[in-house]
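The next block holds one structure in the form of structure tokens; read it before the comments.
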Number of protein chains: 2
Amino acid sequence: MDFIRPELIPDPTVRRLSLYLRQLELFLKQDRETVSSKQLGESLGLTDAQVRKDLAYFGTFGHPGVGYNITELVSRIKRILGTDKAWNVVLVGVGNLGRALLSYGGFAAKEMHLVAAFDNDPNKVGQSIGGHDVRGMEHLEATIKAQEVRLAMLTVPVDTAQAVADVLVKSGIRGILNFSPTSLAVPTTIAVQAVDLALQLEQLTFQVSLNAMTRAGVRHP
Amino acid sequence: MDFIRPELIPDPTVRRLSLYLRQLELFLKQDRETVSSKQLGESLGLTDAQVRKDLAYFGTFGHPGVGYNITELVSRIKRILGTDKAWNVVLVGVGNLGRALLSYGGFAAKEMHLVAAFDNDPNKVGQSIGGHDVRGMEHLEATIKAQEVRLAMLTVPVDTAQAVADVLVKSGIRGILNFSPTSLAVPTTIAVQAVDLALQLEQLTFQVSLNAMTRAGVRHP
DNA sequence: GGATGTGAATGCATTCACAGCA
DNA sequence: TGCTGTGAATGCATTCACATCC
């Protein structure tokens with residue numbers, strides 16, 4: 001393989017990269033040093049060929065006869081995903097979910113630096129939650145520009161989500177983690193990841209209903 | 001189309017079904033009565049053929065020359081997804097995230113009946129959060145069995161997730177919404193949906209890095 | 001032997017394109 | 001005319017299978 005044309009890396013591959021990373025970090029904690037594509041795949045319910053193909057998109061860093069050096073693979077995947085460097089993040093919308101995210105301690109470990117939170121409720125502005133300041137919406141744009149923030153977590157009510165997203169884009173945000181159950185209209189240069197609880201619950205009820213059917217023998221002819 | 005063979009419905013189709021439902025309910029609020037596959041598709045960034053193909057897996061309920069009756073389509077999709085009936089749910093793990101979910105009011109609207117929450121911290125047991133009782137873990141199995149609960153939201157720390165999942169399965173749970181960043185080992189008859197914040201943030205940083213590169217005309221290192 | 005990396009083959013999902021109906 | 005439903009064609013992702021290397 002010579003060099004990488006990022007635009008033709010399959011989406012599913014990028015998703016699995018995150019899974020590999022999580023599993024590899026678990027292996028590291030268990031003091032393992034190398035892992036084969038077969039072992040890594042089995043621990044995640046994937047085939048060995050799938051693992052090798054995924055990794056091969058990004059270069060060749062396995063050792064034939066041995067497997068992959070875990071430490072090396074972890075740092076390679078982090079570099080690919082862009083999590084080897086720190087990212088500044090803002091959170092907009094300090095409701096139940098916003099507060100929970102502010103109190104969640106796991107961001108620092110992932111090199112995510114939560115710069116500040118924003119809300120338009122005067123009662124919330126000025127508070128400190130989980131060590132993060134809550135500021136008024138009028139400071140959103142200036143903060144993003146001053147600190148070169150590129151990521152935002154959007155936890156506002158659904159009817160204001162699009163308007164806030166517009167402000168975020170105008171201010172220079174490049175990626176939005178959208179917790180509102182709505183499709184945001186943004187330029188193609190802006191990445192959006194949706195976290196939709198209702199949607200995932202519906203996937204569950206569908207699968208459970210399906211399982212119940214096939215179990216009951218309502219099979220196809 | 002004669003009969004539905006559920007096991008061969010593409011996963012992506014089921015995901016989009018939820019998107020269709022969300023968009024259709026928005027149209028309903030706007031007092032629209034019918035919608036064509038073209039209109040529905042465009043509102044979600046999909047092609048008309050995609051929409052028709054997806055719906056055709058489940059029968060034929062469009063009206064040539066007219067489109068789909070929105071009310072009818074909504075109730076059909078709900079039936080397909082299994083959300084036309086009410087579901088009992090338990091929540092296990094009353095940390096920051098668990099509390100936020102308990103305080104979130106949106107479940108009732110989706111026919112999700114949150115029966116109770118569970119935690120092993122004596123200080124939390126006995127509290128009422130968002131109108132939901134917190135009980136000790138020792139009552140989990142009995143509650144699930146007594147109320148025929150089939151769905152669980154798992155918001156416990158990562159190191160206890162598998163053990164709790166085992167209890168859930170043993171008690172008769174059929175679907176788990178897993179908020180812990182770990183792969184649960186469960187029988188194939190149990191549905192699992194993962195909500196992994198770190199994973200989604202990594203997808204974002206990857207896409208943002210990619211966009212930055214292609215914009216700058218740089219190749220991957 | 002044991003493992004990787006990768007063309008070739010397979011299997012799915014999406015898109016095309018058109019017959020048929022209101 | 002406008003739109004659905006659906007086989008056929010296309011395009012992607014996964015899996016196979018094997019040359020290659022430690």
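Sequence lines set the chain letters: A, B, ... in the order given, protein chains first and strands last, and positions in each chain run from 1.
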From the set dC3(D), dT15(D), dA3(C), return the single nucleotide nearest to any side-chain atom of Pro64(A).
dA3(C)
Taking only N and O in the side chain of Arg15(A), is any of them less than 4.0 Å away from OP1 or OP2 of dA13(D)?
no
Specify the residue among Val66(A) and Gln50(A) whose closest nucleotide of DNA chain D lies further upstream toward the 5′ end.
Gln50(A)
Out of dG5(D), dT4(C), dA13(C), minimum distance to the side chain of Pro12(B) belongs to dA13(C)
Of all the choices, dA13(D), dT4(C), dT15(C), which nucleotide is nearest to the side chain of Pro10(A) once you look at every atom?
dA13(D)
Assess whether atom NZ of Lys110(A) is packed by more than 12 heavy atoms of other residues, nucleotides or ligands within 6.0 Å.
yes
Side-chain H-bond candidate by donor/acceptor type, Ser18(B) with Gln203(A), under 3.5 Å
yes
Between Gly65(A) and Ala49(A), just flag the one whose closest nucleotide in DNA chain D comes earlier from the 5' side.
Ala49(A)
Taking only side-chain nitrogens and oxygens of Arg16(A), does any of them come within less than 4.0 Å of OP1 or OP2 of dT14(D)?
yes
Verify whether one side chain among Gln39(A) and Arg32(A) offers a donor that lies under 3.5 Å from an acceptor in the other.
yes
Is the distance from OP1 or OP2 of dG2(C) to the nearest side-chain N or O of Tyr68(A) less than 4.0 Å?
no
From dA13(D), dC18(C), dT14(C), pick the nucleotide closest to the side chain of Tyr57(B)?
dT14(C)
Is any side-chain N or O of Arg52(A) closer than 4.0 Å to OP1 or OP2 of dT4(C)?
yes
What is the distance, to the nearest angstrom, from the NZ atom on Lys53(A) to the P atom on dC16(D)?
13 Å
Measure from NZ on Lys38(B) to P on dT1(D) and round the result to the nearest Å.
15 Å
Interatomic distance, Phe58(B) CZ vs dT6(D) P [rounded to whole Å]:
14 Å
Rounded distance (nearest 0.5 Å) linking atom CG of Leu46(A) with atom CG of Asp54(A):
8.0 Å
